[in-house]
Amino acid sequence: MRRRTFLSGSAATAMYWRAGPLRAAGAPLTLTAAPLTQQVLPEEYAGHTALIGFNGSVPGPELRAKQGQPFEVRFQNELKAQTAVHWHGIRLENAMDGVPGLTQAPVSPGDGYTYRFTPPDAGTFWYHSHHMSHEQVARGLMGPLIVDEASPPDVDHDIVALLADWRLTEDGQLSEDFGNRHDMAHAGRMGNYAKVFLPDLTVKTGERIRLRLINASVDRVFPLIIKGLSGQIVALDGMPLPTPRDPEAPVLAPAQRMDLIADVTGSVELEMEHRMGAYPLGTVPVSGAQPPRTDEIPALPANPAAAPANPTRTLTLSMRGGAMGGPHDGDGIWAFNDVSDMPDAPLARIARGETVKIRLENDTRWPHGIHLHGHHFFELDADGTPGDFRDTSLVNPLEARDLLCLFDNPGKWMLHCHMLSHAASGMRTWIEVT
Ligand code: C2O
Ligand code: CU
């Protein structure tokens with residue numbers, strides 16, 4: 001069985017990501033969205049793929065901010081379409097959240113917008129279009145945003161690994177069937193070519209790396225196989241784990257992130273578990289060796305999050321619809337509590353400082369990754385104790401999960417499925433914190 005790519009039997013070569021320089025010394029950081037062409041498929045497939053991206057590359061440049069220090073980006077829209085930039089997972093000021101129609105007007109072609117915020121948390125985040133995002137993210141409007149700790153952990157390399165999933169035609173162009181009803185009602189826009197974008201570098205065995213995995217795909221859940229590393233998960237969705245954990249069968253839903261600190265034991269290979277077998281996503285080549293480290297994998301310093309109190313109430317978010325799903329009263333393919341799409345009134349108005357339990361009930365046949373803007377929440381374990389602190393929670397078909405969230409950030413915050421095709425076809429609502 002040939003399984004190197006979904007498209008044909010040809011070997012996938014590692015694809016590297018060469019974003020141009022961000023700015024001239026002293027000039028403000030600029031992010032320009034514009035059409036571009038890029039080799040997405042391995043080199044032996046002729047033809048550049050027409051995409052849209054930031055600063056001439058997909059993914060966009062690796063932006064680096066410092067924890068607790070002001071960060072400013074001058075965004076310029078050189079697309080033919082409206083857009084806006086959302087800073088996924090950053091607990092920022094509402095006006096900077098980049099959601100057209102809720103926190104700002106869409107940025108028209110030829111116009112710009114200046115985003116300014118001071119990230120309170122260090123960690124692995126990302127940025128992406130939040131306008132027609134099921135199409136604009138699929139076309140390439142996404143990139144990594146790393147917020148550095150004041151004193152980062154002692155590693156030899158800090159590597160961003162961004163996962164993407166493409167649906168391409170035989171001549172290597174994006175398939176233009178965006179938003180078709182079949183995708184919307186099922187798992188979303190599943191690609192036929194998946195890969196990980198890695199920086200162009202080699203590592204030595206014995207070196208310690210921090211690997212920052214970001215699932216920037218539109219709809220694909222990645223069950224991952226990671227080879228050539230021995231280490232632990234140190235953060236999820238940008239938030240440090242109090243105690244590092246072994247990476248057993250790691251799964252990343254769209255928008256989720258996972259940081260590993262690990263020692264190189266051989267060629268670092270990332271694969272996706274797939275019904276056709278292990279599917280290679282990309283490799284960090286190894287050359288040379290150094291003596292292995294003997295010190296333990298360190299926990300990252302905690303971010304400054306306040307502890308939630310006892311919940312004042314429970315909000316239920318019942319996911320309904322989709323193919324083979326039960327009926328609902330909403331008028332889209334998907335619904336939250338029988339309401340499809342953004343309602344005029346928020347799902348809830350919550351007083352700043354209130355802790356609320358959110359019950360996610362997946363009454364559908366498909367997994368959903370539910371994302372809340374402007375906050376992180378605790379996923380509650382079966383016995384009700386707070387588990388991981390995340391911004392996106394994966395709920396499998398016919399399962400339920402409780403979240404506990406301290407709503408301490410005032411504003412209008414979206415709550416939606418981050419399978420962006422599902423969001424576009426009904427799974428979107430919002431919460432107002434006053
Ligand atoms: Cu990654 Cu509503 O966003
Ligand atoms: Cu969904």
Side-chain angles (χ1 to χ4, degrees), residues 59-60 83-92 94 96-104 124-138 141-145 162-164 183-190 214-221 237-238 252-257 317-325 328 330 332-337 340-342 347 360-377 390-399 401 411-431:
T83 191
V85 187
H86 169 58
W87 310 94
H88 183 113
I90 303 282
R91 300 189 293 154
L92 42 54
N94 192 239
M96 296 293 127
D97 199 39
V99 180
L102 194 66
T103 68
Q104 69 169 92
T124 302
F125 301 91
W126 65 300
Y127 58 95
H128 61 81
S129 157
H130 218 293
H131 180 78
M132 297 286 293
S133 56
H134 69 290
E135 181 174 332
Q136 291 194 345
V137 174
L141 280 187
M142 43 77 170
L145 169 62
L162 185 142
L163 298 156
D183 286 350
M184 295 289 199
H186 293 75
R189 181 183 171 91
M190 287 294 109
I214 303 171
N215 184 352
S217 73
V218 187
D219 291 301
R220 184 181 288 284
V221 177
D237 294 354
L252 283 186
Q256 290 187 324
R257 288 90 65 210
L317 200 69
S318 164
M319 306 166 216
R320 295 180 197 148
M324 300 175 291
H328 61 80
I333 294 172
W334 300 96
F336 284 145
N337 305 340
S340 291
D341 229 326
M342 286 289 275
L347 174 73
L360 303 178
E361 291 175 352
N362 184 352
D363 298 326
T364 80
R365 302 287 167 167
W366 308 95
H368 302 286
I370 304 298
H371 171 50
L372 172 66
H373 284 215
H375 298 79
H376 276 61
F377 47 73
R390 313 199 66 136
D391 62 42
T392 304
S393 185
L394 178 62
V395 189
N396 283 321
L398 306 176
E399 289 186 1
R401 172 171 298 118
K412 298 174 175 179
W413 302 108
M414 277 198 79
L415 177 64
H416 64 93
C417 182
H418 220 291
M419 275 73 168
L420 295 173
S421 297
H422 294 169
S425 49
M427 290 193 134
R428 283 184 293 167
T429 189
W430 60 291
I431 283 174

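The residues of the chain are indexed from 1 along the displayed sequence. All ligand and atom numbering here is 1-based and tracks the order in the structure. Computed from a prediction, not measured in an experiment: that's the story for all the values here.
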Step-by-step side-chain contact (heavy atoms from CB on, under 4.5 Å) determination, R401 to S393: CA-CA 9 Å; R401 172 171 298 118; S393 185; 3.0 Å; yes

Distance below 2.8 Å from the Cu ion (ligand 2): protein N/O/S atoms: H368 ND1, C417 SG, H422 ND1

Protein-derived N, O or S atoms lying under 2.8 Å from atom 2 (Cu) of ligand 1, waters excluded: 3

Distance (rounded to the nearest 0.5 Å) between M142 CE and S133 OG: 12.5 Å

Distance, nearest 0.5 Å, that separates OG1 of T364 from CD of E399: 11.0 Å

Whether H128 and H88 hold their rings parallel, tilted or perpendicular, with breakpoints at 30° and 60°: tilted

Centroid-centroid distance, W334 to H368, less than 6.0 Å: yes

NE2 on H416 to OG1 on T392, rounded to 0.5 Å: 8.0 Å

D391 side, atom CG; H375 side, atom NE2 - distance, nearest 0.5 Å: 12.0 Å

4.5 Å side-chain heavy-atom contact, D183 and D219: no

Worked verdict on I370 versus H422 for side-chain contact (heavy atoms from CB on, under 4.5 Å): CA-CA 10 Å; I370 304 298; H422 294 169; over 6 Å; no

